Amino acid sequence: MATKKIVRPVFDNPFLNITVNPDGTVKRDPELRNPANSDPNSTVLSKDVTLDPTKKTWLRLYIPNLATPPPPTAKLPLIFYYHGGGFIFCNADTSLYDVFCKGLVEKLGAMVVSLDYRLAPEHRLPAAYEDAVDGFFWVKNTDDEWVTKYADLSNCFLSGTSAGGNLAYHAGLRFAAVSGDLNPLRVRGLILHHPNFSGAKRTGSEEKLANDPLLPLYAIDQMFDLSLPEGAADHDHEYSNPVANGGSKNADLIKKMGWRVLVTGCFDDPLVDAGLDCAKMLEGQGVETAKLFGDGYHAMEVFDPAMSGSLFDAIKSFMKND
């Protein structure tokens, strides 16, 4: 069987020239954004709901277009998904992430709740993590018909791409801290897709791929400079580097919750070694950890849906605990 050719995307890359305005905001050019999809002839339906009007946060819900809702004994696993963009750019309706979420629904037979969270530097971390917690409570408390008819709240997964992978990790820690208040929501695992982690000490892949055309090292550093809390001493902050100080406290919490973790990445990505280090740390602390690493570039399956087959297969197996 012929191997698919890996072709890097050509697009107006906002990471290469991040402009900070005099008022401290970031210049964001218009991007391709997809409306919610209510077409009855499509395989996946989506709709948007307000999360917190004061924070201007919202959720995009996705379900498979089934002739009838699943019976109560066969409801769908629920994936909380978090988009990438370095915590600086993109939205839940950004075309790339909207298409990726549709793929998750179609290929995995799941319901997806994608969070449009507050962006930095206007809202530095942990704002996005807090928005994720708001999303958990919305799902717990809502009487939305899609959630009540389709979602198995006892079979939830937290997943995200790039900065969203970072967000999924830290949202998980926050879920664990208030899990007793979130019943009947039950998280089964974390799916970290090319997670955006980086520390003060350069990894081998960061040094080797410092001039990566998609995600150069200076852009990784600048986005964390703009998203970490004011006054953060360096990038060994717990929000950017999960293995700082051994990472044992957080790993112990994940283990205590009984969660499994899937970490994925590509070898032509400056962030790949940080992802591998995170997986190694979790394994060393006794967390059941699965890995999928192969050829390709950062967030490849988002940029090129044709390359997502092995990723979706791995996620499906992980969710079934095969």
Side-chain angles (χ1 to χ4, degrees), residues 14-15 18 24-26 28 31-36 46-62 78-101 104 111-142 144 147 156-178 182 185 187 190-197 220 223-230 232 237-240 242 299 302:
F15 305 148
I18 301 172
T25 62
V26 163
R28 298 181 180 93
E31 59 175 347
L32 182 61
R33 301 171 74 164
N34 292 350
S46 60
K47 66 178 179 180
D48 298 337
V49 297
T50 299
L51 179 56
D52 187 330
T54 64
K55 299 176 182 176
K56 298 181 180 179
T57 54
W58 52 276
L59 303 166
R60 176 160 289 184
L61 279 55
Y62 300 82
L78 176 62
I79 299 174
F80 290 91
Y81 180 78
Y82 309 109
H83 67 79
F87 294 112
I88 308 296
F89 299 105
C90 301
N91 298 91
D93 59 356
T94 297
S95 180
L96 289 170
Y97 294 107
D98 179 65
V99 171
F100 186 74
C101 285
L104 289 172
M111 178 176 180
V112 171
V113 174
S114 179
L115 170 69
D116 193 78
Y117 52 86
R118 289 172 292 171
L119 299 176
E122 296 87 349
H123 304 281
R124 289 174 175 262
L125 296 173
Y129 305 154
E130 293 166 352
D131 295 342
V133 175
D134 290 345
F136 299 146
F137 278 100
W138 183 88
V139 171
K140 164 190 162 62
N141 294 319
T142 188
D144 178 88
V147 175
C156 299
F157 295 84
L158 312 185
S159 177
T161 299
S162 191
N166 176 310
L167 206 166
Y169 182 83
H170 287 283
L173 299 177
R174 280 161 173 71
F175 184 104
V178 294
L182 285 168
L185 266 65
V187 169
L190 310 180
I191 302 166
L192 312 183
H193 177 230
H194 300 209
N196 184 6
F197 296 134
I220 296 170
M223 286 188 283
F224 272 124
D225 288 342
L226 291 170
S227 59
L228 288 175
E230 293 277 8
H237 192 281
E238 64 176 312
Y239 295 163
S240 51
V302 170

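Keep in mind the model is a prediction, meaning the values are calculated, not measured. Index from 1, following the sequence.
A side-chain donor-acceptor contact under 3.5 Å links T94 and E31. Using a 3.5 Å distance cut-off with no hydrogens or angles, the side chains of D48 and W58 do not pair a donor with an acceptor.
Not less than 6.0 angstrom separates the ring centroid of H123 from the ring centroid of F87. A ring-centre distance under 6.0 Å is found for Y129 and Y239. Ring pair Y81/F100: centre-to-centre distance below 6.0 Å.
Side-chain contact check for D98 versus S95: every heavy-atom pair is 4.5 Å or farther apart. Residues R174 and P126 have side chains in contact (heavy-atom distance under 4.5 Å, counting atoms from C-beta outward). Using a 4.5 Å cut-off on side-chain heavy atoms (C-beta onward), H193 and V302 make contact. Contact check for H237 versus P229: side-chain heavy atoms found under the 4.5 Å cut-off. With a 4.5 Å cut-off on side-chain heavy atoms, S114 and Y62 count as touching. Contact check for I191 versus L158: no side-chain heavy atoms found under the 4.5 Å cut-off. At least one side-chain heavy atom of F80 sits under 4.5 Å from a side-chain heavy atom of V139.
Once rounded to the nearest 0.5 Å, the distance linking CG of N141 with CG of D144 reads 12.5 Å. Here I88 contributes atom CD1 and R124 contributes atom CZ; the two are 8.0 Å apart, rounded to the nearest 0.5 Å. Note that CG of L59 and CG of L115 are 6.0 Å apart. Values are rounded to the nearest 0.5 Å. Atom CD1 of I18 sits about 5.0 Å away from atom CE of M223, to the nearest 0.5 Å. One distance of note links CG of L78 with SG of C156; it measures 4.5 Å at 0.5 Å rounding. Rounding to the nearest 0.5 angstrom, the gap separating the CG atom in L51 from the CZ atom in R60 is 14.5 Å.
Distance alone, capped at 3.5 Å, places no donor-acceptor pair between the Y97 side chain and the C90 backbone. Side chain of N91 to main chain of D93: no donor-acceptor pair is present (N/O by atom type, distance under 3.5 Å, no hydrogens or angles). The backbone N or O of N196 lies less than 3.5 Å from a partner atom in the side chain of N166, making a donor-acceptor pair.
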Q | Audit row: T57, R118, side-chain contact (heavy atoms from CB on, under 4.5 Å) steps and yes/no | A | CA-CA 7 Å; T57 54; R118 289 172 292 171; 4.0 Å; yes
Practice problem: Go through the steps for Y82 and D131 under the test side-chain contact (heavy atoms from CB on, under 4.5 Å), then give the verdict. | Solution: CA-CA 11 Å; Y82 309 109; D131 295 342; over 6 Å; no
Given the rule in the side-chain contact (heavy atoms from CB on, under 4.5 Å) test, do L61 and V112 qualify, once you have shown the distances and angles that lead to the verdict? CA-CA 6 Å; L61 279 55; V112 171; over 6 Å; no
side-chain contact (heavy atoms from CB on, under 4.5 Å) between F175 and L190: does it pass, once the steps are laid out? CA-CA 11 Å; F175 184 104; L190 310 180; over 6 Å; no
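In this structure, A299 and T161 approach most closely via the heavy-atom pair CB-CG2, 3.9 Å. Across all their heavy atoms, A171 and F136 have their closest contact at O-CE1, 3.6 Å. A pairwise comparison of heavy atoms in L228 and S240 identifies CD1-OG, 3.9 Å as the closest pair. Nearest heavy-atom pair, V26 versus P121, reported as atom, atom and distance to 0.1 Å: CG2-CD, 3.2 Å. The shortest heavy-atom contact between G84 and S162 is CA-CB, 4.3 Å. Taking every heavy atom of both residues into account, A132 and L167 meet most closely at CB-CD2, 3.7 Å.
The environment of K56 atom NZ is sparse: at most 12 non-hydrogen atoms of other residues, nucleotides or ligands sit within 6.0 angstrom.
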